[in-house]
**Student:** 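I am attaching a structure below and will ask some questions about it afterwards.
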Amino acid sequence: MALTREQIAMRVAKEFKDGDYVNLGIGIPTLAANYVPEGIDVMLQSENGLLGMGRYPTEAEVDADMINAGKETVTAITGASIFSSAESFAMIRGGHVDFTVLGAFEVDANGNIASWMIPGKLVKGMGGAMDLVAGAKNIIVTMTHADKHGNSKLLADCTLPLTGVNCITRIITDLAVLEVRDGAFHLTERAPGVSIEEIQAKTAGPLVVPDSVPEMVL
Amino acid sequence: MALTREQIAMRVAKEFKDGDYVNLGIGIPTLAANYVPEGIDVMLQSENGLLGMGRYPTEAEVDADMINAGKETVTAITGASIFSSAESFAMIRGGHVDFTVLGAFEVDANGNIASWMIPGKLVKGMGGAMDLVAGAKNIIVTMTHADKHGNSKLLADCTLPLTGVNCITRIITDLAVLEVRDGAFHLTERAPGVSIEEIQAKTAGPLVVPDSVPEMVL
Amino acid sequence: MSGFNKVVDTYEQAMAGLEDGMTVIAGGFGLCGIPEGLIAQIKTMGTRDLTVVSNNCGVDGFGLGLLLEDKQIRKMVSSYVGENALFEQQLLNGELEVELTPQGTLAEKMRAGGAGIPAFYTATGYGTPVGDGKEVREFNGRPYILEEAITGDFAIVKAWKADTYGNCIYRHTAQNFNPMAATAGKITVVEVEEIVAPGEIPPSEIHTPGIYVNRVIKGSFEKRIERKVTAN
Amino acid sequence: MSGFNKVVDTYEQAMAGLEDGMTVIAGGFGLCGIPEGLIAQIKTMGTRDLTVVSNNCGVDGFGLGLLLEDKQIRKMVSSYVGENALFEQQLLNGELEVELTPQGTLAEKMRAGGAGIPAFYTATGYGTPVGDGKEVREFNGRPYILEEAITGDFAIVKAWKADTYGNCIYRHTAQNFNPMAATAGKITVVEVEEIVAPGEIPPSEIHTPGIYVNRVIKGSFEKRIERKVTAN
């Protein structure tokens with residue numbers, strides 16, 4: 001069975017190590033914060049200038065001056081720091097954020113990612129995504145393995161305008177966990193009950209399948 | 001009569017306008033702070049990270065964590081700000097400091113300045129001088145017109161390694177006030193009792209002398 | 001210290017000198033930490049053909065979105081502009097030009113503009129449409145692109161408190177782009193919630209030293225929230 | 001949040017991993033705001049062939065000057081090194097190399113190193129010996145030189161207070177180069193006067209966010225004054 005959004009987020013959260021500074025993109029990546037394993041603490045960086053992002057506020061706590069990068073009202077944890085956008089991206093660009101998790105339209109076998117622009121559709125902008133993919137030490141892309149028409153999002157070469165080149169090393173989809181290296185997708189885990197054949201069928205780019213591909217533990 | 005150090009400082013201080021942010025180098029420039037005219041306020045920037053440098057501390061006020069760019073104990077005025085060296089030089093390099101006053105070994109008719117290195121002598125470093133001459137909106141050089149052997153310090157071309165190029169527009173010496181433009185020194189004022197002939201004799205670079213050269217008012 | 005008193009009493013004084021065709025750098029992220037009254041004053045003045053540098057362009061009817069209503073903006077330099085229909089319409093009509101700039105590059109361009117750094121290299125945008133036509137150079141085996149600094153004729157900034165010398169502090173994440181914007185204007189105008197006496201903000205807690213600030217005005221703020229989300 | 005507790009108990013732990021030939025970036029201006037105990041620990045360890053990046057090199061017998069006594073420093077990157085006789089002697093003997101760097105360029109190189117900016121242009125040093133061999137480029141008709149970022153294997157930093165997560169504030173002008181140094185080390189070690197609980201330093205008053213900091217140690221400081229000058 002293909003994973004749900006929540007299950008993808010659960011699998012993402014297993015990547016975190018205690019003490020990681022993590023930037024989570026909008027959507028599935030944000031959900032991962034709900035599934036951080038027991039005994040593991042991560043600190044969330046929000047690129048508008050907040051390190052140590054907390055939960056959503058209660059009605060009484062709502063403060064227009066306290067928002068996250070998705071422009072949602074938010075709180076700060078005890079021990080948070082708040083700073084300018086230049087400082088925030090100095091952190092990101094300088095490789096101080098341990099993990100970035102973000103969505104994508106396409107990833108290719110060279111680790112290129114397209115996530116911000118579909119020609120012909122109105123372009124809203126890249127926000128901080130290009131900085132994040134250029135700067136983070138580890139990047140995890142979360143997305144469905146194929147689009148709603150069944151077209152693979154894991155390609156030999158991205159067809160859409162890129163967000164970054166040669167920067168994606170790990171992908172967690174609804175079907176599988178894959179590493180990107182040496183010009184190919186390397187299958188390392190499959191979703192429970194998902195066959196290797198299905199993953200092969202939905203991976204357009206070169207796919208390396210080892211002899212044994214364990215099921216994910218969620 | 002050639003001006004004393006204090007008199008040079010007095011003449012420098014007359015350049016200040018109310019509301020100027022000023023960086024004063026070590027020596028005569030620092031003395032200028034003592035002669036700021038009535039009704040004029042300037043705020044002193046110290047490049048180690050202090051805007052609003054105050055007087056020297058009393059014995060009780062001495063604090064090892066509060067020093068100026070000359071590494072002397074100092075105080076801050078009410079309304080001062082304190083920041084990092086990167087911020088301090090962002091201010092300087094970015095042209096936010098209105099006035100820099102500094103000494104020099106030589107200045108030439110193209111506005112080049114040499115102030116930090118005498119070949120054969122041990123080189124201690126340029127500190128912030130190169131940043132200051134590259135960044136300030138207005139720079140005033142204060143120095144004696146000639147060295148103790150009588151050699152002019154106002155040259156056609158500097159002979160010593162430079163601190164900055166094409167950046168000096170105004171010089172106040174013990175003998176005269178001069179503007180530097182169009183490849184020449186333009187005499188605008190002379191020290192009380194100093195003859196034009198003496199200034200001419202002690203200016204090695206091209207000197208333009210207008211019909212009338214008023215005496216300085218101190 | 002009257003020469004250092006940056007306080008002005010009216011919005012007319014605050015934005016005096018703004019002319020058609022100028023570049024305005026604005027602080028704020030979404031609707032958070034925006035100089036509401038200064039934007040309204042630009043609308044009142046009717047200044048046109050502006051280039052506005054700001055991470056976003058507000059929403060329909062609020063923030064910088066107000067300046068779209070009378071087509072006062074010719075060009076936006078932003079990282080994300082997806083929040084208003086008028087923007088979309090003017091963009092499609094060709095009445096408005098947009099230069100999309102990665103958020104971190106935008107922040108750094110403003111900082112560089114204020115800091116006398118004319119250009120810098122960054123990996124951000126290399127190999128993407130953002131890098132098109134820009135110089136590529138390798139450092140330690142990695143390719144980077146050259147990005148140039150941004151400065152503005154005006155910078156409009158929203159701070160929490162300023163003293164009369166223009167020393168500013170920002171509140172929570174309303175800081176965002178404001179400190180960099182403050183450094184990058186030929187004339188920097190700061191709209192604040194409170195004006196305090198010099199010395200009230202401890203020197204080492206000041207976010208923006210007054211040397212960057214030309215004018216300070218006390219505003220009143222609606223502080224509209226773009227996405228109110230609360231815990232269950 | 002045990003994973004974020006950066007506090008170490010001993011100087012051995014604080015400087016663990018420092019090896020011969022490494023680059024160490026040190027905060028401080030003269031003797032103001034220097035990590036006294038971390039410098040002493042490097043002397044104790046006897047690590048050699050170090051490249052030390054710091055605005056100054058202390059004085060004879062104090063600060064970074066201590067590392068000259070056993071010739072632990074191979075190269076200094078500084079803006080001003082005129083305060084000690086041992087430095088002078090080792091320089092003249094050819095035992096020590098010095099790369100003089102303008103003070104503002106040095107600060108910016110550290111910041112750039114921490115911020116993922118591999119190089120930037122500055123007017124500082126153009127046409128002087130500092131510009132020799134560096135690329136010159138014009139922007140808006142003015143020539144600038146290209147300067148590259150600095151990073152260190154270690155950064156040693158002196159802060160006033162840090163919380164256990166490594167969030168730091170600096171006291172008065174002891175701030176100086178410390179915040180930039182903190183960003184530019186592969187391993188950043190901060191020596192502080194006081195360790196406080198997370199939350200004690202208000203989020204917007206933090207000078208150095210803990211993300212840059214790997215280890216925090218409580219030190220005790222002599223705080224020697226280089227030039228005590230008092231008012232009459």
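Proteins come first, then strands; the chains are lettered A, B, ... in the order of their sequence lines, and each starts at number 1.
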**Student:** Work out which heavy atom in A:R93 is nearest to a heavy atom in D:A115; give both atom names and the distance.
**Tutor:**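 For A:R93 versus D:A115, the nearest heavy atoms are NH1-O, 2.8 Å.
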
**Student:** Let me confirm one number: the CG-CG distance from A:D41 to D:N5, rounded to the nearest 0.5 Å.
**Tutor:**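 Here the rounded value is 11.5 Å.
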
**Student:** Could you grab the distance from atom OG1 of D:T188 to atom NE2 of A:H96, nearest 0.5 Å is fine?
**Tutor:**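 Interatomic distance, D:T188 OG1 to A:H96 NE2, rounded to 0.5 Å: 8.0 Å.
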
**Student:** So which heavy atom on A:T78 is nearest to which on D:P198, and how close?
**Tutor:**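 For A:T78 and D:P198, the tightest heavy-atom pair comes out as CG2-O, 3.2 Å.
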
**Student:** Non-hydrogen atoms of chain D under 4.5 Å away: do they reach the side chain of A:I77, the backbone, both or neither?
**Tutor:**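 The answer is the side chain of A:I77.
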
**Student:** With rounding to the nearest 0.5 angstrom, report the OG to CD1 distance, A:S88 to D:I211.
**Tutor:**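 With rounding to 0.5 Å, OG (A:S88) is 8.5 Å from CD1 (D:I211).
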
**Student:** Can you tell me how far apart CG (A:L51) and CD1 (D:I206) are? Round to the nearest 0.5 Å.
**Tutor:**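 CD1 of D:I206 is found 8.5 Å from CG of A:L51.
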
**Student:** What option among A:I92, A:D20, A:I40 has the most heavy-atom pairs under 4.5 Å with chain D?
**Tutor:**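 Option with the top pair count is A:D20.
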
**Student:** Non-hydrogen atoms of chain A under 4.5 Å away: do they reach the side chain of D:T164, the backbone, both or neither?
**Tutor:**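 For D:T164, there is no contact with chain A at all, as no heavy atom is under 4.5 Å.
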
**Student:** Which atom pair, heavy atoms only, marks the closest approach of D:S2 to A:D18?
**Tutor:**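 Nearest pair, atom of D:S2 first, then A:D18: OG-OD2, 3.3 Å.
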
**Student:** Return the minimal non-hydrogen interatomic distance between D:Y165 and A:G79, and the atom names on each side.
**Tutor:**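 Shortest heavy-atom separation between D:Y165 and A:G79 comes out as CD1-O, 3.7 Å.
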
**Student:** Please name the pair of heavy atoms, one in D:Y212 and one in A:E87, separated by the smallest distance, quoted to 0.1 Å.
**Tutor:**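 Between these two residues, the closest heavy atoms are OH-OE2, 2.5 Å.
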
**Student:** Under 6.0 Å from the CG atom of D:D132, do we count more than 12 heavy atoms belonging to anything else shown?
**Tutor:**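 Counting neighbours around CG of D:D132, more than 12 heavy atoms of other residues, nucleotides or ligands fall under 6.0 Å, so yes.
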
